[in-house]
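Written out below as structure tokens is the structure these notes cover.
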Amino acid sequence: MADATGTRRKNLMLVLKTIEASGEVTAAMLTEQTGLSTATVSRALAALKSQALIVQLRKQTTELGRKPDVFSINPAYGYNLYYYLESDCLRAYLLNLSGYVLASRSVAVTQALTVEALTALLAELKQTLLTGRRRAQSRLLAANIAIPGVIDAATGVVSCIPNFPNLEQTRLREAAGQALQLQCFIHNASRLSTIGAYLQYGAGAQSFVYVDITGDCGVGAGIVLRGELYDGPCSLAGEIGDMILELDRAGCFGGGTSGALERQAGLASVFRRVRQLLQTGRAQTLRAMMEQKGTDALSLQLLEKAAGAMDLDVFDTLNQAARAWAAAIVNIQTVLAAELVIIGGAVTQENQLIEKMLRHHLAGLYHREVALRMMEAGSDAHVRGAVYLSKQYLFEAAIDSVLSEG
């Protein structure tokens with residue numbers, strides 16, 4: 001009996017994931033793509049349809065005049081919440097099973113944020129997003145929370161999170177679940193972006209790396225091996241911000257652990273270095289641009305514009321950071337030999353000067369060409385990743401319901 005149940009579960013999941021990947025399929029197409037028998041596919045479709053997990057869209061006209069049914073995933077089967085914690089705000093999204101954003105909201109946060117304050121915001125945003133959406137209220141199944149920190153996947157404990165010291169060593173997953181009254185999952189933001197980037201760019205790649213250069217929380221990464229995200233036994237795989245590039249290097253862009261990538265070339269360190277230049281009367285082209293814009297704020301785009309206008313102080317600072325990022329990529333390549341490396345986060349396809357710097361340093365530091373690609377500006381890779389992981393949970397829960405009904 002156990003073997004029969006296991007086989008049925010496997011077949012149901014195969015059919016379900018094939019429908020998801022194809023978008024719209026007929027029973028005949030499923031039989032061909034899955035290798036299952038016509039009878040097995042027919043039973044699986046009936047079971048999934050009984051749970052409203054799939055829907056019959058229409059009849060498909062063929063050359064022979066037959067009109068087989070066309071099936072797809074039912075996007076209204078279930079809904080989930082997705083929260084994304086950034087350094088200065090908490091973003092919240094209400095998503096259906098297809099990943100469509102039904103509503104979104106954001107609230108400002110500070111570095112003094114506590115677990116109690118965060119969970120209160122989660123509950124408040126949940127209420128706001130669900131207002132007037134009865135179907136979503138009745139079919140809200142899970143919540144995903146992305147944070148710029150390290151989480152133990154087994155316990156849900158946040159072990160390290162830059163900018164939010166009050167959240168460290170806390171059971172955030174448990175607290176969030178109680179506040180939301182939902183099954184909750186806590187994820188490293190870079191890992192979610194890795195999944196989203198892989199779905200967008202990495203089809204067929206057996207080894208894939210996403211390097212996440214965040215606005216002010218450091219440098220992270222995610223690794224995909226044989227089509228699966230690799231976290232490691234302690235959820236620490238990809239934490240390249242701790243990578244040592246140079247031993248005994250003192251005062252790397254503001255000091256700290258000698259040679260650590262995040263302290264040497266995280267954007268917070270880059271901005272700090274540029275401010276030091278401004279305070280000593282250097283980076284005059286950048287200063288003029290800031291005065292013209294009437295702002296004291298620094299951004300990567302502004303630095304790149306100043307560097308392109310031959311502000312050599314800013315150019316040198318960005319070039320040092322790009323060289324450190326290139327060195328980290330080379331270190332990854334020597335271990336993984338990744339088929340594709342994606343750069344994302346604050347660095348995108350719009351940063352053409354930085355991309356040229358990266359490619360120049362990669363060519364000088366490594367003996368082989370690195371397949372490098374920059375993410376598109378405004379990428380929603382982290383949302384794609386959250387949707388993908390939510391589907392895995394929702395699909396498993398749906399199949400449990402099918403099996404429990406015999």
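With hydrogens and angles disregarded, no donor-acceptor distance shorter than 3.5 Å links the side chain of Gln264 to the backbone of Ala324. Put simply, the side chain of Arg173 never gets that close to the backbone of Cys184: no donor and acceptor are under 3.5 Å apart. For Asp380 (side chain) and Val383 (main-chain N/O), no donor-acceptor pair under 3.5 Å exists by modelled atom type. A donor-acceptor distance shorter than 3.5 angstrom exists from the side chain of Asn351 to the backbone of Thr348, with no hydrogens or angles considered. Using a distance-only test at 3.5 Å, with no hydrogens or angles considered, no donor-acceptor pair links the side chain of Arg263 to the main chain of Ser269. Within the 3.5 Å criterion, the main-chain N or O of Ala27 finds a donor-acceptor partner in the side chain of Thr31. Here the side chain of Gln137 pairs a donor or acceptor atom with the backbone of Leu130 at under 3.5 angstrom.
When only modelled atom types and interatomic distance are considered, Thr114 and Asn166 share no side-chain donor-acceptor pair under 3.5 Å. Side-chain contact, Gln320 with Asp316: a donor N or O sits under 3.5 Å from an acceptor N or O. Inspection of the Ser390 and Asn80 side chains reveals an N or O donor paired with an N or O acceptor under 3.5 Å. Residues Gln392 and Lys17 bring a donor and an acceptor atom of their side chains to less than 3.5 Å of each other. Residues Ser404 and Ser401 bring no donor and acceptor atom of their side chains to less than 3.5 Å of each other. A side-chain N or O of Ser22 and one of Gln33 form a donor-acceptor pair less than 3.5 Å apart.
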- Task: Begin with the C-alpha distance, continue with both residues' side-chain angles, and end with the deciding distance and a verdict on side-chain contact (heavy atoms from CB on, under 4.5 Å) for Thr317 and Val270.
- Result: CA-CA 7 Å; Thr317 301; Val270 172; 4.0 Å; yes
- Derivation and outcome, side-chain contact (heavy atoms from CB on, under 4.5 Å), residues Tyr79 and Leu129: CA-CA 11 Å; Tyr79 301 81; Leu129 293 174; over 6 Å; no
- Message: Run Ser190 and Ser193 through side-chain hydrogen bond (donor to acceptor under 3.5 Å, both in side chains) and show every step you take.
- Response: CA-CA 5 Å; Ser190 294; Ser193 293; over 6 Å; no
- Steps toward side-chain contact (heavy atoms from CB on, under 4.5 Å) verdict (Leu300, Ile354): CA-CA 10 Å; Leu300 192 59; Ile354 290 177; 3.6 Å; yes
- Run the numbers on Arg9 and Leu403 for side-chain contact (heavy atoms from CB on, under 4.5 Å), then give the verdict. CA-CA 8 Å; Arg9 171 184 288 279; Leu403 295 174; 3.7 Å; yes
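Between Phe185 and Tyr393, a ring centre-to-centre spacing shorter than 6.0 Å is recorded.
Across every non-hydrogen atom of His361 and Ala322, the tightest pair is CD2-C, 4.0 Å. Between Ile161 and Pro148 the shortest heavy-atom distance is CG1-O, 3.7 Å.
Looking at Leu182 and Leu140, their side chains come closer than 4.5 Å, going by heavy atoms from C-beta outward. Side-chain atoms of Glu24 and Phe71, non-hydrogen and from C-beta on, never get closer than 4.5 Å to each other. Considering only heavy atoms from C-beta on, Glu168 comes within 4.5 Å of Cys160 through its side chain.
Surrounding CZ of Arg323 are at most 12 heavy atoms belonging to other residues, nucleotides or ligands under 6.0 Å away. The neighbour count for Glu32 CD, taken as heavy atoms of other residues, nucleotides or ligands under 6.0 Å away, does not exceed 12.
Below 30°, between 30° and 60°, or above 60°: for Tyr84 and Tyr82 the angle between ring planes is between 30° and 60°, a tilted geometry.
Remark: Glu304 engages no residue in a salt bridge (Lys or Arg N to Asp or Glu O under 4.0 Å) (not counting sequence neighbours).
Checking each of Ile213, Val330, Leu362 against Trp325 for a side-chain contact (heavy atoms from CB on, under 4.5 Å) leaves exactly one that passes, namely Ile213. With respect to Ile329, the side-chain contact (heavy atoms from CB on, under 4.5 Å) criterion is satisfied by exactly one of Leu365, Thr334, Val209, Ile343: Ile343.
The stretch residues 191-211 participates, sequence neighbours left out, in these salt bridge (charged side-chain N to carboxylate O under 4.0 Å, His left out) pairs: Arg191-Asp231, Arg191-Glu239.
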